[in-house]
Protein chains: 4
Amino acid sequence: MVQFPNGRSNGGLTGAERRADARRTEILRAASRTFREKGFAATGMRDIAAHADLSPGILYHYFRGKHELLYFCQDRSLDRMQDALEAARRSGEPATEQLRRVIVAHVLCLLDELEGSAAHLEVDALPAKLRARIVEKRDRYEQGIRRLLAAGVQKGELVDCDATLVARAILGALNWSARWFRPDGPSSPADVADALARYLVRGLASGAQTRKLSLKSPMPRGVA
Amino acid sequence: MVQFPNGRSNGGLTGAERRADARRTEILRAASRTFREKGFAATGMRDIAAHADLSPGILYHYFRGKHELLYFCQDRSLDRMQDALEAARRSGEPATEQLRRVIVAHVLCLLDELEGSAAHLEVDALPAKLRARIVEKRDRYEQGIRRLLAAGVQKGELVDCDATLVARAILGALNWSARWFRPDGPSSPADVADALARYLVRGLASGAQTRKLSLKSPMPRGVA
Amino acid sequence: MVQFPNGRSNGGLTGAERRADARRTEILRAASRTFREKGFAATGMRDIAAHADLSPGILYHYFRGKHELLYFCQDRSLDRMQDALEAARRSGEPATEQLRRVIVAHVLCLLDELEGSAAHLEVDALPAKLRARIVEKRDRYEQGIRRLLAAGVQKGELVDCDATLVARAILGALNWSARWFRPDGPSSPADVADALARYLVRGLASGAQTRKLSLKSPMPRGVA
Amino acid sequence: MVQFPNGRSNGGLTGAERRADARRTEILRAASRTFREKGFAATGMRDIAAHADLSPGILYHYFRGKHELLYFCQDRSLDRMQDALEAARRSGEPATEQLRRVIVAHVLCLLDELEGSAAHLEVDALPAKLRARIVEKRDRYEQGIRRLLAAGVQKGELVDCDATLVARAILGALNWSARWFRPDGPSSPADVADALARYLVRGLASGAQTRKLSLKSPMPRGVA
DNA sequence: TATGAATGAGATTTCATTCAT
DNA sequence: TATGAATGAAATCTCATTCAT
């Protein structure tokens with residue numbers, strides 16, 4: 001749950017504040033969608049306002065500017081992904097399974113029409129101060145993935161590999177989906193997430209396991 | 001080798017034409033580098049001109065505009081990648097090896113300081129007419145990769161998989177490298193290309209082979 | 001009365017819409033005056049903005065660009081002229097009188113500081129789509145004049161002539177006035193209109209009438 | 001015959017000078033044609049160079065710049081027209097006939113593919129110094145026409161009229177032909193000139209003559 | 001003479017942001 | 001809160017003119 005700075009604990013929101021927060025979330029959704037479709041630089045505040053069915057001026061009542069919109073989009077996405085990463089780690093499952101969960105959560109977060117945001121892909125567009133905060137969060141997330149990989153290697157569940165490079169390869173494969181995925185296409189976000197996880201995990205699974213890992217869904221969707 | 005339309009065979013260029021072509025190539029290099037660093041929309045003609053040590057106006061002497069610069073960057077990259085793809089296919093080697101070659105070539109093409117260009121990642125920024133041509137080339141390239149995968153599956157060299165999705169996963173992992181790679185970092189483009197190829201191929205290699213595929217370079221760089 | 005498309009009947013304009021329409025009209029007046037003085041190509045948006053006492057940027061809030069300004073100038077003028085043409089035809093008067101009325105209205109429309117616009121003289125500066133619409137209106141207007149001439153010939157009120165060429169000669173004589181007329185000169189627009197009408201009609205009037213048609217105003221302006 | 005300043009009498013031109021003068025004339029023709037087609041401001045030096053089959057740079061070898069090209073176009077046209085005006089006056093014919101001759105010459109000069117130029121229609125585009133010279137010539141020409149009219153009135157050959165306004169009406173009707181005339185249309189420049197002269201003279205012819213003046217060509221072109 | 005590369009000023013246009021209402 | 005008019009800076013692009021060759 002993202003929280004906007006309002007000087008009160010979440011429980012003590014007044015009605016007006018709750019309404020404002022709801023409006024902020026709507027705007028962020030519109031911004032997120034537009035950034036994903038056209039990229040940050042090519043997106044105008046007017047586009048965002050139009051997507052949110054608001055006038056351009058009012059956006060500045062809720063956010064400081066275009067940069068802050070990008071910042072919050074990235075911040076929310078990274079928070080959700082980080083949450084999923086930590087949940088996976090706490091599960092105590094084998095590294096392959098943890099990795100699978102993280103991948104699935106990442107893809108769903110990206111492709112989910114309502115909350116997702118590919119906006120974290122454009123860190124460089126942020127002004128220095130905001131960029132520093134996002135870069136820190138992003139690096140923490142990447143580091144978490146690297147640790148997950150390293151732990152799996154150490155336990156013999158994953159083959160020895162350059163964790164940094166593999167993490168980036170995985171993130172590239174995942175983030176790229178925001179570019180080519182079409183909501184009206186044949187696959188659902190869950191399908192995509194699942195298939196990506198199978199492939200990307202198989203490349204790391206050690207020895208005996210590998211042979212057993214199929215890249216085909218065992219059960220086609222919608223069939224008993 | 002990219003060739004600009006000048007109505008003569010490459011061998012018959014006059015001195016002036018050769019100089020003009022050289023200038024065009026310089027400009028494209030500058031454009032390519034700038035697009036990669038800041039993205040198409042955030043790149044100004046001034047940036048490109050500055051990188052090429054020219055005045056902004058003269059760029060229009062050699063190219064019709066910013067869009068054409070993007071177009072040629074994309075066109076050149078895709079041509080080189082397509083060439084590599086066909087060379088791999090003609091080699092008659094096992095699918096795993098063919099795939100490895102294509103991946104390596106793709107990454108080297110992207111990260112090569114002199115000629116590389118990640119610009120084909122921004123097809124949507126092109127005006128309709130130019131976009132159609134690039135999309136056609138890009139689709140042909142993607143299809144080539146899917147065919148390579150499918151052939152490998154049929155020969156039993158690769159595990160059964162959704163070729164479309166796997167191709168996109170691979171391309172995402174590769175293209176992403178243009179974002180994070182730093183020429184002054186610890187790894188050379190060749191290192192990155194090799195490591196990505198190992199990981200991405202291992203996830204597809206069938207049966208017995210898989211176990212033998214290591215993700216670590218057999219020989220660390222610079223060590224006897 | 002020109003009307004901008006706003007989805008309501010003119011009577012139902014809100015205050016804001018009325019203000020916006022008034023602004024649009026102001027801008028068109030400024031544009032019209034500047035086009036007439038310097039020609040379309042030599043007129044800058046800055047000139048127009050300066051004449052309208054606005055910043056250049058805001059012009060794009062009300063119009064899509066310089067071309068649209070030219071288009072509306074031409075459209076308004078042609079509408080007014082067409083109206084006058086039809087009114088003259090409906091009057092049922094002799095052809096000479098009808099022609100005189102059309103000429104007077106045309107000149108007044110051109111020279112009237114408030115609403116006039118010689119801008120329809122530069123049809124070729126318009127982009128194809130807008131040009132087509134203006135050309136159609138202009139051709140309809142010219143055709144109307146040709147018909148008026150032809151009808152007069154048939155009734156014996158005008159001498160036999162090449163209606164196409166005479167219509168163009170008349171329009172040339174009229175349109176040219178926008179070039180040489182100076183509001184601070186000795187003649188009023190009405191004077192000019194009247195004198196032009198006398199001369200241009202006399203050249204067509206048949207037989208007996210001609211001798212009676214004087215080219216001198218019967219009563220100098222301002223004299224008892 | 002226009003003469004470029006070259007410091008010698010026309011008879012003493014060297015071969016090189018003769019060639020240069022021929023080149024100047026070619027360039028002026030190209031400029032004239034382009035100005036007529038697109039207007040001064042919308043015409044680029046590149047357009048002129050292309051029409052003359054030359055490189056843009058060389059134009060500056062023969063002329064000081066775009067303005068000078070316009071100046072010479074106007075200068076040449078006005079000289080030819082002035083010559084025709086004086087020849088008409090010297091002829092001693094009736095005013096109606098003199099006027100007819102002047103009109104015909106004016107139109108032929110405008111529409112002549114080889115030497116004609118509508119460029120004198122854009123006096124305001126000239127820099128002050130050149131403009132002053134052209135304005136003087138133009139005013140002298142207009143004055144000549146006014147005198148011709150006034151003389152005709154005094155001799156009773158023309159009806160009493162406001163010579164200034166009628167002169168402008170005539171010039172408008174004539175100059176306008178440069179806008180609408182198409183060389184590939186049904187009428188030749190001579191046809192147009194003749195028809196315009198008939199109409200414009202008839203409006204001024206006094207008494208008895210008027211009735212006899214037909215606006216139809218007595219003999220259709222190409223028929224015995 | 002002749003070319004065409006090069007420049008610099010200025011054109012139209014866009015757009016994040018502010019502000020009066 | 002909310003609107004949309006308004007601004008000013010900057011973007012892309014054009015073009016007359018100059019200059020090296």
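Numbers restart at 1 for each chain; the letters A, B, ... are given by sequence-line order, proteins then strands.
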Looking only at non-hydrogen atoms, find the nearest pair between C:S55 and C:A49 and report the distance.
-> C-CB, 3.9 Å
When you match A:R64 and C:R64 each to their closest nucleotide on DNA chain E, which lands nearer the 5' end?
->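 By nearest-heavy-atom nucleotide position, the 5'-most residue is C:R64.
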Which base, if any, makes a Watson-Crick or G-U wobble pair with F:dA16, both distances under 3.5 Å?
->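 In the structure as shown, F:dA16 has E:dT7 as its Watson-Crick or wobble partner.
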Given the options D:R24, D:R19, D:E17, D:D21 meets side-chain contact (heavy atoms from CB on, under 4.5 Å) only with D:R24
Under-4.0 Å side-chain N/O to phosphate OP1/OP2 contact, D:R23 with E:dT1 | no
So does C:Y62 get a side-chain nitrogen or oxygen closer than 4.0 Å to the phosphate oxygens (OP1/OP2) of F:dA6?
-> yes
Single hit among C:K38, C:R33, C:R36 for salt bridge (charged side-chain N to carboxylate O under 4.0 Å, His left out) with C:D47 | C:K38
If I take atom [atom1] in residue [X] and atom [atom2] in nucleotide [N], what distance separates them, rounded to the nearest angstrom?
| X | N | atom1 | atom2 | answer |
| --- | --- | --- | --- | --- |
| A:I58 | E:dC19 | CD1 | P | 15 Å |
| B:L69 | F:dC13 | CG | P | 9 Å |
| D:H61 | E:dT1 | NE2 | P | 5 Å |
| B:E26 | E:dA6 | CD | P | 9 Å |
| C:R19 | E:dT21 | CZ | P | 10 Å |
| C:L70 | E:dT12 | CG | P | 13 Å |

Heavy atoms under 4.0 Å, any strand shown: does C:G57 hit a base, just sugar-phosphate, or nothing?
->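 If one applies the 4.0 Å heavy-atom cut-off, C:G57 turns out to touch a base.
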Side chains of A:Y71 and A:R131, donor plus acceptor under 3.5 Å |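 Checked: A:Y71/A:R131 side chains show no N/O donor-acceptor pair below 3.5 Å.
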Taking for each residue the nucleotide of DNA chain F bearing the nearest heavy atom, is the 5' side occupied by A:L59 or by B:P56?
->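 Final value for this comparison: A:L59.
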What about C:F72 and C:H67, are their ring centers closer than 6.0 Å?
->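 Centroid distance C:F72-C:H67: not below 6.0 Å, so no.
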Given [options], identify the nucleotide with an atom nearest to the side chain of [X].
| X | options | answer |
| --- | --- | --- |
| C:K66 | E:dT13, E:dG4, F:dA6 | E:dT13 |
| B:H67 | F:dC13, E:dT3, F:dT7 | F:dC13 |
| A:Y60 | E:dT18, F:dT12, F:dT3 | E:dT18 |

Please work out which residues in residues 37-53 of chain C have a non-hydrogen atom less than 4.0 Å from an atom of DNA chain F and list them by number.
->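 Nucleic-acid contacts, sorted: none.
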Under a 4.0 Å N-O cut-off, is there an ion pair linking A:R29 with A:E26?
-> no
In this structure, CZ of B:R76 is separated from CG of B:L28 (nearest 0.5 Å) by 5.0 Å
